[in-house]
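Report on one structure; see the data block that follows.
Letters go in sequence order (proteins before strands), and every chain restarts at 1. All figures in this text were calculated on a predicted structure; none of them were measured in a lab.
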Protein chains: 4
Amino acid sequence: MQSDTKPRWERRKDARPQELLAAALDLFVDRGYAATRLEDVARRAGVSKGTLYLYFENKEELFKAVVRENIVEVIGKAESDVAAAAGASCNELLRAMLNKWWCEVGSTRASGLAKLIMAEAGNFPEIAAFYNDEVIERGNGLIASIVRRGVDNGEFAPVDADVMTRVLTAPVLMLMLWSHSFFPCDTGSIDPEAFMAAFLGLVERGIRAPAAAVTD
Amino acid sequence: MQSDTKPRWERRKDARPQELLAAALDLFVDRGYAATRLEDVARRAGVSKGTLYLYFENKEELFKAVVRENIVEVIGKAESDVAAAAGASCNELLRAMLNKWWCEVGSTRASGLAKLIMAEAGNFPEIAAFYNDEVIERGNGLIASIVRRGVDNGEFAPVDADVMTRVLTAPVLMLMLWSHSFFPCDTGSIDPEAFMAAFLGLVERGIRAPAAAVTD
Amino acid sequence: MQSDTKPRWERRKDARPQELLAAALDLFVDRGYAATRLEDVARRAGVSKGTLYLYFENKEELFKAVVRENIVEVIGKAESDVAAAAGASCNELLRAMLNKWWCEVGSTRASGLAKLIMAEAGNFPEIAAFYNDEVIERGNGLIASIVRRGVDNGEFAPVDADVMTRVLTAPVLMLMLWSHSFFPCDTGSIDPEAFMAAFLGLVERGIRAPAAAVTD
Amino acid sequence: MQSDTKPRWERRKDARPQELLAAALDLFVDRGYAATRLEDVARRAGVSKGTLYLYFENKEELFKAVVRENIVEVIGKAESDVAAAAGASCNELLRAMLNKWWCEVGSTRASGLAKLIMAEAGNFPEIAAFYNDEVIERGNGLIASIVRRGVDNGEFAPVDADVMTRVLTAPVLMLMLWSHSFFPCDTGSIDPEAFMAAFLGLVERGIRAPAAAVTD
DNA sequence: TATGAATGAGTCTTCATTCAT
DNA sequence: TATGAATGAAGACTCATTCAT
């Protein structure tokens, strides 16, 4: 859409940040935050180290940009979805959200960022705070709101919504972590679909109100 | 009689390794593997850098020793326990083991090692291999053996033991990870006992054979 | 126009490797391999430690580059020279080569590398192998080829070429070693030209075939 | 010869320094001065690091003691021998001394000390001075005195005795160095006896006065 | 005498960041 | 905008020497 008259050597001017973000995502996911060298990010994006600093103030800002691009955005969409499904069955909605979370984030490269955060947040407080505010609080809030609604309307057993949110998100988080592990037994032996199916089955049967059977 | 001048060092041969392992556990857990400086480990144990090398060949061997001391040993005991409980109810045994795992490892400082491994194994293949062989394979094997027995004797629904093992261990693992996170919401908001209770309840109701409901 | 503040560094890409190699040669020769600190090499070349690593992967590669620059190249030229002098008197060619060796390598700073190798090869096997292949084998082969020709054409007494090569190269090597010794008697008392003259005279009279006298 | 009444555990009290010197010789020769660790010396002698310091003030004194024990002593005997052979043929005496030197020092482990000195004297000035005074000056003086006598009595061509001493000692020195090299071509391909025979033949024919040929 | 635990200065190597061009 | 040469602080590991026992 840009003017066609621009000389050839200036092409892709606007694409630079995207290429850098893509390269950074790959390397952060593979190596972690501290172990990722900016020079490698630059090289993978086909630019020089100095260029990277033209687009991102420093390593930390680069990382934040990667998180925004790959995770924060998805959460925003999910929030809209939940708001739109106000009348749906909570048991189904809950499982749909968990499954969607796995499909749209967990099963992508972006899930490596969760591993990274888990691992290194303690050494980089600023990053921890950012991730907590932008991802964890919002993501958990979303799940908790569904649980709360399910408890309120009698679909679910009367559980503590915040605690149950943790229990429900834990397996998906672990699956995300495992999918970025280098353990032979992990990498090789877990079938994510089977795992999610087993987990969602457990949830379906495990969360609903006992009384529900009577009610039926 | 007491000299006013503190001796340059104190001779504590037998106590040293334990003190060093304790200091190393603390720092590995707090900072991760790569970010832990051996000089800090030494200082925390009250000795000099060089002294550490009298007891442990290098950083990697120090780490392995920490894992052996804090995790491998517990697994060994658990294996005996399971073998001794051959006739028990699998549903109960399973929950007992998961709970015990949390109590004896998960809720201690040692659980930080799981976080560390999750996070950094990819950058340190030798450590990954060691941990996989000594901890993951053995630990998973233990849980899977119980699940398999429960499926065989009809206590459990006919699930895939290896997949279910992953599903069952995931929440405990995540709780371990969370308990070593620095996120305000994590550190503050999770009550491990409530989490474990919620999780074990989910398991009890979720894993048993459907027929069991009829039996009640 | 000249800024009063000296720039933190100066950009000298093309000159750098040469400056670093020169500094490295000096220090390796003066202090040996193990005792040469890369920081000193850098400082002598007027750069920082890190800069050195932009041009040479590590200490070993730096050393190899120094050897290539200062010795291997000369051997290559000598090989051409010998090939070109196919018809010359072997007695004269032999002495010319030995003398040339002294003049072009032995009497320069580069000869200190021979001392270094002699001294430290045992502790650095990789360096030993490199030097053996690139310098010793080729250099000895060159001298031996002349001796062999001289024996074959009757100029020389029927000696074993490989043994005689050792005998012939030994004094030049020793002179090289001596010229880098710090012994008062060595540094001061040896006149290399007198030494070489005495040695070459010894060779001229000592190597030729006894029958030669008859021939005259 | 010591009292037989001494308790068993105190045996070999006087042998300790000898054992330490033997161990030190081995390691200095194999690894050089700087690279020899005193802990290894102690271990090889079967004692602890601390014990070594009971007998030798520090690394440097240990090294000096090794040199005294293994080289200085031999030179003393050689000086007596030369003094006793006042009337012998200088050509023969010279070759006898050179050969003896090889046999009694050069072909033993002690020759490795020459390599070590050659290599590292520059980094340890005190050691250099010691070796120069105790070994080099005295050894060279011995050879030079024979050369001088041979020139004076017409047996030898009128050479400069000091220069010729260097030329004559150089091959033996190099043979000593080579015999402690790790180069395949060195270790494997040099036959010391053949080398010495070739060298001594060269000397015999090369050093005598030209007139001598006429005389024959 | 003998031990060996303890020390700490010293050296190679890495990498985020800066800045002259 | 883009480059990449240059910087320098930081960390693992070694080893001569000391000294309480």
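- Between B:R16 atom CZ and E:dG4 atom P there is a gap of 17 Å when expressed in whole angstrom units.
- In this structure, B:R109 pairs ionically with B:D30, as a charged nitrogen and a carboxylate oxygen lie closer than 4.0 Å.
- Applying the salt bridge (charged side-chain N to carboxylate O under 4.0 Å, His left out) test to D:E57 and every residue at least two apart in sequence or in another chain returns nothing.
- In this structure, A:R43 and A:K49 have side chains that are not in contact, with every pair of non-hydrogen atoms separated by 4.5 Å or more.
- The salt bridge (charged side-chain N to carboxylate O under 4.0 Å, His left out) search around D:E126 returns none, not counting sequence neighbours.
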Which nucleotides of DNA chain E pair, in dot-bracket form (Watson-Crick or G-U under 3.5 Å, | meaning another strand): .||||||||||||||||||||
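- Looking at residues two or more places apart in sequence or on another chain, you find a side chain to side chain donor-acceptor pair (under 3.5 Å) between C:T51 and C:S48.
- E:dT7 atom C1' lies 14 Å from atom CG of B:L20, rounded to whole Å.
- For the atom pair CG (C:D26) and CZ (C:R31), the distance works out to 10.5 Å, reported to the nearest 0.5 Å.
- The stretch residues 47-54 of chain C touches DNA chain E through C:K49, C:Y53, each having a heavy atom under 4.0 angstrom from the strand.
- For the contact set between residues 56-64 of chain B and DNA chain E, defined by any heavy atom under 4.0 Å, there are no members.
- The salt bridge (charged side-chain N to carboxylate O under 4.0 Å, His left out) search around D:E61 returns D:K64, not counting sequence neighbours.
- Partners of B:R68 by salt bridge (charged side-chain N to carboxylate O under 4.0 Å, His left out), not counting sequence neighbours: none found.
- The side chain to side chain donor-acceptor pair (under 3.5 Å) search around A:N70 returns none, not counting sequence neighbours.
- Within residues 37-44 of chain C, the residues approached by DNA chain E to less than 4.0 Å at the level of any non-hydrogen atom are C:R37, C:L38, in residue-number order.
- Taken to the nearest 0.5 Å, the NZ atom of D:K59 stands 8.5 Å off from the CD1 atom of D:I127.
- C:F124 pairs by the ring-ring contact (aromatic ring centres under 6.0 Å, His included) definition with C:Y33, not counting sequence neighbours.
- When the P atom of F:dA16 is taken as reference, atom CG of D:N123 falls 15 Å away, rounded to whole Å.
- By the ring-ring contact (aromatic ring centres under 6.0 Å, His included) test, C:Y53 pairs with no residue at all, sequence neighbours left out.
- Rounding to the nearest 0.5 Å places CD of A:E134 at 11.0 Å from CD1 of A:I71.
- Between the C1' atoms of E:dT1 and F:dT21, the separation comes to 13 Å (whole Å).
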